[in-house]
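Whatever order the structure lists ligands and atoms in, that order sets their numbers, starting from 1. Since the model is a prediction, treat every value here as computed from it, not as a measurement.
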Amino acid sequence: MSPISRGFGGRRRPVADPSRVPPGQYVTPDFPVLSAGPTPHTPLDEWSFTIHGAVEKPVSWPWDEFIALPSETVTVDIHCVTKWSKLDTSWKGVSVDTLLENVETEAEYVTAWSDGGYTTNLALEDVTGGRAWIAYEYGGEPLEPEHGGPARLVVPHLYFWKSAKWVRGLTLTPDDQPGFWENYGYHNHGDPWLEQRYQGD
Ligand SMILES: Nc1nc2c(c(=O)[nH]1)N[C@H]1C(S)=C(S)[C@@H](COP(=O)(O)O)O[C@H]1N2
Ligand SMILES: [Mo]
């Protein structure tokens, strides 16, 4: 008999804790790539991260300064509106709280914008309080271009379309301005636990 068992036992995966899976989602070990356009490849010496808009004084960090900022490594679950969820993903990056430390603003919303033109809108309170990061490593390795490298926004408590890949900045806005998918009928907020997939949900 072959020493390699092809029985069901070896392939069985532990069932995910259902309390970690939002309604209508299934758990996958894969990491699908979902991009609305081509993958940009911005050289690091042309990369910077900017916070501007309704702020007292805009700030910008070139790559070297950005990765020298205090960073955090977090393990979080992510949930795509196309119904896959991935548990225990590990990211290293700079907390948005850290980036906003010296930014004076009365704005309550942000638009994250990316190389390639993608945008997504978020309430400031959804990206502060230890709930959002500009991540440049995934699973201990530099973030791959397909998944948003050199750096992407990670906002795990909202559907993953809010986690802008190839992110280059945050524009603070006094009013909420719909981003790319929000303009195409996706929900403005996108809480997976409330199944806020599309406008009207
Ligand atoms: N710049 C940019 N960011 C993006 C997207 C995109 O098309 N462009 N797609 C969003 C969507 S719909 C999802 S589900 C996730 C997918 O991230 P992944 O390709 O790393 O799985 O990125 C989000 N961020
Ligand atoms: Mo998505």
Student: Looking only at heavy atoms of Gly116, does any of them come nearer than 4.0 Å to an atom of ligand 1?
Tutor: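 No; Gly116 lies far enough from ligand 1 that no heavy-atom distance drops under 4.0 Å.
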Student: Is Gly148 in contact with ligand 1, taking contact as a heavy-atom separation below 4.0 Å?
Tutor: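 The answer is no: ligand 1 sits nowhere under 4.0 Å from a heavy atom of Gly148.
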Student: For atom 24 (N) of ligand 1, grab the closest protein heavy atom and report residue, atom and distance to one decimal in Å.
Tutor: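 For atom 24 (N) of ligand 1, the nearest protein heavy atom is Ser163 O, 3.1 Å.
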Student: Quick one: which ligand 1 atoms are inside 4.0 Å of a heavy atom on Ser114?
Tutor: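 Listed by number with element, the hits are 1 (N).
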Student: Examine Tyr186 together with Phe180 and report whether their ring centres are nearer than 6.0 Å.
Tutor: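 No, the ring centres sit 6.0 Å or more apart.
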Student: Could you tell me the residue and atom name of the protein heavy atom closest to atom 13 (C) of ligand 1, and the distance to it rounded to 0.1 Å?
Tutor: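 The protein heavy atom lying closest is Phe160 O, 3.8 Å.
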Student: Which of the numbered atoms in ligand 1 are below 4.0 angstrom from a heavy atom of Ser35?
Tutor: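 So the atoms of ligand 1 that pass are 7 (O).
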Student: Is the distance between the ring centroids of Tyr26 and Trp84 under 6.0 Å?
Tutor: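 No, the ring of Trp84 stays outside the 6.0 Å limit from the ring of Tyr26, centre to centre.
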Student: Taking the six-membered ring where the residue is Trp, are the ring centres of Phe49 and Trp63 under 6.0 Å apart?
Tutor: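 No, ring centres 6.0 Å or more apart.
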Student: Verify whether the ring centers belonging to Trp181 and His187 lie closer than 6.0 Å.
Tutor: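 That pair fails the under 6.0 Å test.
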Student: What residue and atom, counting heavy atoms only, is the protein's closest point to atom 9 (N) of ligand 1, and at what distance?
Tutor: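 It is Leu34 O, 3.2 Å.
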Student: For Ala164, take its heavy atoms, then give the atoms of ligand 1 lying under 4.0 Å from any of them.
Tutor: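 Those atoms are 3 (N), 24 (N).
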Student: Angle between ring planes, Phe160 versus Phe31, binned at 30° and 60°: parallel, tilted or perpendicular?
Tutor: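 Aromatic pair Phe160/Phe31 classed tilted.
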Student: Return the closest protein heavy atom for atom 11 (C) of ligand 1 as residue, atom name and distance.
Tutor: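 Among all protein heavy atoms, the one nearest atom 11 (C) of ligand 1 is Trp161 CA, 3.6 Å.
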Student: May I ask you to check whether over 12 heavy atoms, not counting those of Glu72, lie within 6.0 Å of atom CD?
Tutor: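 Atom CD in Glu72 is packed in, count exceeds 12.
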Student: Could you measure the distance from the OG atom of Ser35 to the NZ atom of Lys165? Nearest 0.5 Å is fine.
Tutor: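 Ser35 atom OG to Lys165 atom NZ measures 3.0 Å (nearest 0.5 Å).
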Student: Considering both backbone and side-chain atoms of Pro32, is one of its nitrogen or oxygen atoms within less than 3.5 Å of a nitrogen or oxygen in ligand 1?
Tutor: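 Min N/O separation from ligand 1 is below 3.5 Å for Pro32.
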Student: With a 4.0 Å heavy-atom cut-off (strictly under), which part of Ala36 contacts ligand 1: side chain, backbone, both or neither?
Tutor: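 Within the 4.0 Å criterion, Ala36 contacts ligand 1 through backbone and side-chain atoms alike.
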Student: Using a strict threshold of under 4.0 Å (side-chain N to carboxylate O), is an ion pair present between Asp126 and Arg131?
Tutor: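 So Arg131 pairs with Asp126 through a salt bridge.
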Student: Nearest heavy atom to atom 19 (O) of ligand 1: which of Lys165, Arg152, His147 does it belong to?
Tutor: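 Nearest option to atom 19 (O) of ligand 1, by heavy atoms: Lys165.
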Student: With atoms numbered from 1 as shown, which atoms in ligand 1 lie under 4.0 angstrom from a non-hydrogen atom of Trp166?
Tutor: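 Going through ligand 1 atom by atom, the ones under 4.0 Å from Trp166 are 1 (N), 2 (C), 8 (N).
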Student: Does ligand 1 have a heavy atom under 4.0 Å from the side chain of Phe31, from its backbone, from both, or from neither?
Tutor: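 Side chain only.
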Student: Salt-bridge test for Glu182 and Lys162: reply yes if a basic N is under 4.0 Å from a carboxylate O, no otherwise.
Tutor: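 Salt bridge present between Glu182 and Lys162.
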Student: In the protein, which heavy atom is nearest to atom 14 (S) of ligand 1, and how far is it?
Tutor: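 Answer for atom 14 (S) of ligand 1: Cys80 SG, 3.2 Å.
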Student: May I ask you to say whether Asp88 pairs ionically with Arg20, meaning some side-chain N is under 4.0 Å from a carboxylate O?
Tutor: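 Counted as a salt bridge, because a side-chain N and a carboxylate O are separated by less than 4.0 Å.
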Student: Could you tell me if any non-hydrogen atom of Trp84 lies under 4.0 Å from any atom of ligand 1?
Tutor: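 Yes, Trp84 has heavy atoms under 4.0 Å from ligand 1.
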